[in-house]
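Just so it is clear, the values below take in all heavy atoms, side chains as well, and ignore hydrogens, waters and symmetry mates. The shown structure was predicted, so the numbers you read here are calculated from the model rather than taken from an experiment.
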Amino acid sequence: MRSVAEQLEILRRGVEAIVPEGEFLKKLGKSVSTGIPLRVKYGIDPTGIDVHLGHTVPLRKLRQFQELGHTAVIIIGNYTALVGDPSGRDETRAKLTEAQVEINAKDYLTQVGRIIDLDRAEVHKNGDWFGKWSFLDVLDLTRRMTLGQISARDDFAKRIAAEKPVYLHECLYPLMQGWDSVEIKADVELGGTEQLFSLMVARNLQVEQGQAPQIPMTMPILVGTDGTRRMGKSLGNYIGVAEPPESQFGKIMSLPDEPMRQFFTLLTDIPLAEVDRLLAPGVNPRDAKEVLGREIVRQYSGLDAAEAAAQAFRKRSSGEDPDVIPEVILSRDQLDENGQILIPRLIVALGLESSTSNARRVIEGGGFNHGEDRSILINPKVSIVVTDGLLVRVGKRKIVRVRLG
RNA sequence: GGGUGGAUACCCAAGUGGCUAAAGGGGCCAGACUGUAAAUCUGGUGGUUCUACCUUCGCAGGUUCGAAUCCUGCUCCACCCA
């Protein structure tokens with residue numbers, strides 16, 4: 001096992017806060033001297049299907065702990081998911097059914113396995129214990145926190161101030177999450193910055209149960225592809241770990257310049273000195289994004305896929321057609337006796353736009369061209385002759401080869 | 001139980017009888033530009049057989065030449081007081 005100093009250097013990268021840090025050092029020191037690994041908890045609620053880069057921030061940290069010889073303990077919050085994490089929310093989460101949560105949980109685990117070594121990790125569902133609880137047990141848990149403590153919490157305080165509803169079940173969330181730590185005897189718990197409240201609740205519960213309190217370690221919240229708001233499924237600004245390479249790469253390239261440092265720090269192991277060099281003034285930010293994009297794609301799909309994605313992107317941005325052009329079959333009866341079709345109809349028939357009205361607007365805006373010579377037509381009333389193999393482009397990204405069928 | 005406020009297009013949010021397919025912002029799409037699918041700028045953003053027509057403002061009726069706007073009933077939501 002590596003020394004405390006060595007471990008700390010790796011573990012500190014990208015971390016927002018370790019509270020209290022001194023206590024963490026002691027735990028780490030004890031672990032090094034006794035050879036007993038730390039139990040590092042990370043809880044994830046299976047509320048959706050897509051694990052995105054935002055989730056990978058703490059997961060990557062967990063992976064680092066694993067690589068240093070510590071024990072990763074993953075909590076699948078199948079019961080907390082039924083409540084909905086109020087953290088960072090200004091609204092109540094939508095209710096999930098137990099069945100949905102069950103399906104999600106399974107799917108989550110396979111995705112998480114892309115980052116964590118699941119063979120070496122402990123995985124628990126918090127339904128394993130909460131499912132056995134009686135109402136009296138619940139009452140006993142609620143006895144441990146006051147309304148004042150709950151409502152002092154930033155998320156709730158904001159909602160109360162904004163006259164938005166705060167439901168009782170949401171108040172249970174931090175207590176449940178805290179109790180998970182008691183059950184698995186956590187030494188460290190990872191979470192986003194906003195999780196600090198919940199992570200601290202666990203300490204009190206653990207002490208009451210005669211355990212040493214866990215050390216919350218918080219990670220910054222990754223911003224989404226819009227560069228401002230947190231990355232999240234509901235905001236539609238996320239990059240999923242299971243997304244195709246080209247899509248991941250493209251989204252990285254279309255990131256605003258500002259959040260790049262955060263992405264490098266939190267999502268890669270590229271040395272920070274190297275990151276400084278890439279982001280230095282005078283260096284084309286595009287190049288930095290390309291490095292970032294390759295690295296992200298490499299992590300999930302390998303080096304070859306990363307290279308291919310970068311190539312495809314370069315081609316496309318220089319105006320060339322990509323190597324692989326999707327083919328769409330167009331029925332011959334869509335054409336008139338001269339083999340022609342109205343452009344808006346063609347675009348809709350090929351699935352490039354959702355309605356002829358919308359297609360017309362795009363055409364009038366100059367977003368349509370076709371064929372090898374890329375002739376642009378801006379009159380939506382024009383019909384064109386469609387031959388087998390015709391290339392049809394709408395905007396920069398939508399290109400299709402017509403197959404007459 | 002009492003009171004108040006609310007339900008508008010993908011989201012937020014104006015609009016309280018005609019000039020409203022419905023302000024503004026966000027998002028998204030397209031175009032220009034470019035060191036980038038960044039930033040900036042421009043245009044667009046219900047549908048169709050498209051200089052016109054059809055459908056839309058919680059639901060159902062009604063008044064009116066004409067309603068997102070007025071009336072009646074209903075459903076849903078929130079907040080406040082108890």
Q: Grab the two heavy atoms, one from A/Gln334 and one from A/Ala349, that are nearest each other, plus how far apart they are.
A: NE2-CB, 3.8 Å
Watson-Crick or G-U wobble mate for [N], both contacts under 3.5 Å:
{"N": "B/C79", "value": "B/G3"}
{"N": "B/U63", "value": "none"}
{"N": "B/A9", "value": "none"}
{"N": "B/C33", "value": "none"}
{"N": "B/A52", "value": "B/U48"}
{"N": "B/A39", "value": "none"}
{"N": "B/C74", "value": "B/G58"}

Q. Counting only heavy atoms not in A/Glu9, do more than 12 fall under 6.0 Å of its CD?
A. no
Q) Heavy-atom count around A/Asp304 CG within 6.0 Å, excluding the residue itself: above 12? A)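 At most 12 heavy atoms, drawn from other residues, nucleotides or ligands, come within 6.0 Å of this atom.
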Roughly how many Å apart are [M] and [N], using the [atom1] atom of each and rounding to a whole number?
{"N": "B/A9", "M": "B/G1", "atom1": "C1'", "answer": "38 Å"}
{"N": "B/C11", "M": "B/U72", "atom1": "P", "answer": "30 Å"}
{"N": "B/A23", "M": "B/A38", "atom1": "C1'", "answer": "30 Å"}
{"N": "B/C19", "M": "B/G27", "atom1": "P", "answer": "30 Å"}
{"N": "B/G46", "M": "B/C28", "atom1": "C1'", "answer": "15 Å"}
{"N": "B/C54", "M": "B/G44", "atom1": "P", "answer": "24 Å"}
{"N": "B/G62", "M": "B/G17", "atom1": "C1'", "answer": "15 Å"}
{"N": "B/U56", "M": "B/G5", "atom1": "P", "answer": "29 Å"}

(Q) Does this structure show an ion pair linking A/Asp269 with A/Arg60, if we count only N-O contacts that are shorter than 4.0 Å? (A) yes
Q: State whether A/Glu353 and A/Lys398 are salt-bridged, where the test is any N-O pair (Lys NZ or Arg NE/NH1/NH2 against Asp/Glu carboxylate O) under 4.0 Å.
A: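 A/Lys398 and A/Glu353: salt-bridged.
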Can you check nucleotides 50-56 of chain B for protein contacts, nitrogen or oxygen pairs under 3.5 Å, and list what you find?
residue, atom, partner, partner atom, Å
B/C50, N3, A/Arg360, NE, 2.9
B/C50, N4, A/Ser357, OG, 3.4

Starting at atom [atom1] of [X], determine the distance to atom [atom2] of [N], rounded to an integer number of angstrom.
{"X": "A/Glu258", "N": "B/A38", "atom1": "CD", "atom2": "C1'", "result": "8 Å"}
{"X": "A/Ile378", "N": "B/U42", "atom1": "CD1", "atom2": "P", "result": "20 Å"}
{"X": "A/Phe249", "N": "B/U36", "atom1": "CZ", "atom2": "C1'", "result": "11 Å"}
{"X": "A/Asp226", "N": "B/C10", "atom1": "CG", "atom2": "C1'", "result": "16 Å"}
{"X": "A/Asn284", "N": "B/U36", "atom1": "CG", "atom2": "C1'", "result": "6 Å"}
{"X": "A/Ile343", "N": "B/U49", "atom1": "CD1", "atom2": "C1'", "result": "16 Å"}

Any protein N or O atoms within reach of nucleotides 29-31 of chain B? Criterion: under 3.5 Å, listing atom names and distances.
residue, atom, partner, partner atom, Å
B/A30, O2', A/Gly365, O, 3.2
B/G31, O4', A/Gly365, O, 3.4

Determine whether the side chains of [X] and [Y] contain a donor N or O and an acceptor N or O closer than 3.5 Å.
{"X": "A/Gln177", "Y": "A/Gln195", "value": "yes"}
{"X": "A/Gln214", "Y": "A/Ser181", "value": "yes"}
{"X": "A/Gln111", "Y": "A/His55", "value": "no"}

Describe, in one word, how the ring planes of [X] and [Y] are oriented to each other, choosing from parallel (under 30°), tilted (30 to 60°) and perpendicular (over 60°).
{"X": "A/Phe368", "Y": "A/His370", "answer": "parallel"}
{"X": "A/Tyr238", "Y": "A/His52", "answer": "tilted"}
{"X": "A/Trp129", "Y": "A/His124", "answer": "tilted"}

Q | Trace of the side chain to side chain contact (heavy atoms under 4.5 Å, CB included) decision for A/Arg203 with A/Ile215 | A | CA-CA 8 Å; A/Arg203 287 170 60 85; A/Ile215 313 297; 4.1 Å; yes
Q. With a 3.5 Å cut-off and just heavy-atom distances, do the side chain of A/Asp257 and the base of B/U36 make a donor-acceptor pair?
A. yes
Q.
Within the structure provided, determine whether A/Trp133 and A/Trp179 are in side-chain contact (heavy-atom separation under 4.5 Å).
A. yes
Q) Do A/Ile270 and A/Leu292 touch side chain to side chain, with heavy atoms closer than 4.5 Å? A) no
Q) Which part of the nucleic acid does A/Leu255 contact within heavy-atom distance under 4.0 Å: base, sugar-phosphate only, or nothing? A) sugar-phosphate
Q. With a non-hydrogen cut-off below 4.0 angstrom, is A/Arg393 in contact with a base, only sugar-phosphate, or nothing?
A. nothing
Q.
For A/Met253 and A/Arg229, find the nucleotide of RNA chain B closest to each by heavy atoms; which residue's nucleotide sits nearer the 5' end?
A. A/Arg229
**Q.** Those residues of residues 264-282 of chain A lying under 4.0 Å from RNA chain B by at least one heavy atom
**A.**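 The stretch gives none, as no residue of it lies under 4.0 Å from the strand.
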Q. Does the side chain of A/Ser355 get closer than 4.0 angstrom to OP1 or OP2 of B/G47 through an N or O atom?
A.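 Yes, such a contact exists.
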